[in-house]
Amino acid sequence: MDTTQELAAFLRTRRERLDPDDFGLPSRRQSRRTPGLRREEVAELAGVSIDYIVRLEQARGLRPSASVVEALSRALRLAPDERAYLFNLTQQRPRNAGEPATAAAPPLAGLVADLSPLPAMLMNHRYDILAWNREMAKLLLDFDTLPPVQRNAMWLCLAHPEVCELYVDRERVVREGIAHLRAAWAAHPEDQALTDLITECSIRNKEFARLWAERDVNVNGRGHKVMRHPGAGVIAVHFEVLTPLQDPDQRLMICRAADDESQMALDRLYAR
């Protein structure tokens, strides 16, 4: 499929489905030969020239910038999936739409609970912990005992005494977490809370400042961690991090025992 031709056809069909009445424009149906908005009306709404819209709809080889694609998305009132499609067609990278998740989506919170006995928790892109099940609280920490501002996986690894002593290879865990935060920071430059978290950690923690300066970037959605749990001994787990399509700023982390000995240790821990 020719993406230039598809871009032209997509823009035309999205324009033609719009109702002038929804924009407060005079309908003048008797003078409108085709349905939807006129090209000049879309051009005005998007802040571009009429000629630019004409050339786009005629597939004349233009490649709109990200800012123009965003303006067209707003002018055409595209749904989130349509907006993503338009950015893909133009090979541009969209800015993140909407506010970062600060609370668990109810269906996802229910899923976290239903995943028992597998330890599971829900986080956002900056590692804020939004929901967890009983098994994850037993494995890591009773998050209910913490004020919400401290329910952040990165902060816990750096500053909470119990969590600092939990991981056998703690530096690798912290390094991977910082590499994820750097990727999240680049993807969410508008997230002041994330910037504040990075700044505070850099000032207050020398280890974080040293590793942040190395500029490693990695989004680790699958891995292996070994913990030395004070109540159950050594526990090795595999983990998967899944991103729901409907709530892309939320990450579902699911752990499972990496071997029989670790499963036995988890069983003892849960039975306490």
Side-chain angles (χ1 to χ4, degrees), residues 69-70 73-74 76-88 93-157 160 163 173 176-198 200-201 217-223 225 237-256 266 270:
V69 175
E70 189 64 58
S73 298
R74 291 194 301 268
L76 297 171
R77 298 190 176 180
L78 300 185
D81 291 343
E82 294 173 325
R83 174 181 177 269
Y85 184 65
L86 183 60
F87 271 95
N88 286 335
R93 178 184 173 187
R95 292 190 62 182
N96 290 285
E99 295 295 321
T102 56
L108 294 177
L111 177 59
V112 169
D114 290 344
L115 283 168
S116 295
L118 295 176
M121 65 180 178
L122 195 67
M123 298 177 286
N124 61 15
H125 65 265
R126 55 181 176 243
Y127 278 142
D128 292 335
I129 301 168
L130 309 178
W132 57 92
N133 61 13
R134 171 182 174 271
E135 288 76 13
M136 185 62 83
K138 288 268 191 178
L139 179 62
L140 294 184
L141 185 68
D142 185 357
F143 302 113
D144 276 323
T145 64
L146 300 174
V149 70
Q150 292 182 7
R151 293 175 191 163
N152 178 276
M154 187 78 260
W155 183 89
L156 292 172
C157 281
H160 195 282
V163 180
V173 172
E176 289 177 353
I178 292 173
H180 166 90
L181 276 187
R182 181 171 286 281
W185 175 67
H188 300 268
E190 75 292 340
D191 185 356
Q192 188 59 46
L194 175 58
T195 300
D196 292 344
L197 171 67
I198 294 169
E200 181 179 2
C201 289
V217 180
N218 185 34
V219 179
N220 196 9
R222 174 180 296 145
K225 293 180 181 180
V237 299
H238 296 306
F239 69 87
E240 293 279 342
V241 181
L242 309 177
T243 302
L245 287 175
Q246 201 69 22
D247 298 283
D249 192 52
Q250 304 196 26
R251 284 101 169 101
L252 177 62
M253 183 179 194
I254 307 169
C255 299
R256 55 188 176 85
L266 287 173
Y270 301 155

Participant: So do R134 and M136 actually touch side chain to side chain, heavy atoms under 4.5 Å?
Facilitator: no
Participant: Can you check whether M154's main-chain N or O pairs, donor with acceptor, with R126's side chain at less than 3.5 Å?
Facilitator: no
Participant: I want to check something: taking the side chain as every heavy atom from C-beta on, are L140 and L156 in contact at a cut-off of under 4.5 Å?
Facilitator: no
Participant: Please identify each residue that fulfils side chain to side chain contact (heavy atoms under 4.5 Å, CB included) with Q150, with sequence neighbours left out.
Facilitator: L146, P147, W155
Participant: Which residue is it: V219, V217, N218? I am looking for the one with a side-chain contact (heavy atoms from CB on, under 4.5 Å) to H180.
Facilitator: V219
Participant: Excluding sequence neighbours, so at least two apart, what forms side chain to side chain contact (heavy atoms under 4.5 Å, CB included) with V173?
Facilitator: C157, Y167, K225
Participant: Going by the side chain to side chain donor-acceptor pair (under 3.5 Å) test, which pairs reach into residues 240-250, not counting sequence neighbours?
Facilitator: H125-D249, R222-E240
Participant: Find out whether D128 and T102 are in side-chain contact, i.e. whether some heavy atom of one side chain is under 4.5 Å from a heavy atom of the other.
Facilitator: no
Participant: Can you tell me how far CG of D81 sits from CG of L86, rounded to the nearest 0.5 angstrom?
Facilitator: 12.5 Å
Participant: Look up atom CG in L122 and atom CE in M253, then write down how far apart they are to the nearest 0.5 Å.
Facilitator: 12.0 Å
Participant: Can you tell me how far CZ of R256 sits from CG of L115, rounded to the nearest 0.5 angstrom?
Facilitator: 13.0 Å
Participant: Would you please name every residue forming a side chain to side chain contact (heavy atoms under 4.5 Å, CB included) with D142, sequence neighbours left out?
Facilitator: D144, T145
Participant: Heavy atoms, side chains only, cut-off 4.5 Å: are P119 and Y270 in contact?
Facilitator: yes
Participant: Of all residues at least two apart in sequence or in a different chain, which pass the side chain to side chain contact (heavy atoms under 4.5 Å, CB included) check with E176?
Facilitator: R172, N220
Participant: Just how far is it from atom CG of L130 to atom CZ of R251, taken to the nearest 0.5 Å?
Facilitator: 10.5 Å
Participant: Using the ring-ring contact (aromatic ring centres under 6.0 Å, His included) rule, collect all pairs that involve residues 131-152, keeping only residues at least two apart or in two chains.
Facilitator: W132-F143
Participant: Give the minimum heavy-atom separation between S73 and F87, together with the two atoms involved.
Facilitator: OG-CE1, 4.3 Å
Participant: Hey, is the main chain of A101 close enough, under 3.5 Å, to the side chain of N124 for a donor-acceptor pair?
Facilitator: yes
Participant: Does some side-chain heavy atom of I198 sit less than 4.5 Å from a side-chain heavy atom of L194?
Facilitator: yes
Participant: E70 versus R83: any side-chain heavy-atom pair under 4.5 Å?
Facilitator: yes
Participant: What pair of heavy atoms forms the shortest contact from A120 to V112, and how long is it?
Facilitator: O-CG1, 3.6 Å
Participant: Kindly give the heavy-atom pair with the smallest separation between Y127 and G177, and that separation in Å.
Facilitator: CE1-O, 3.6 Å
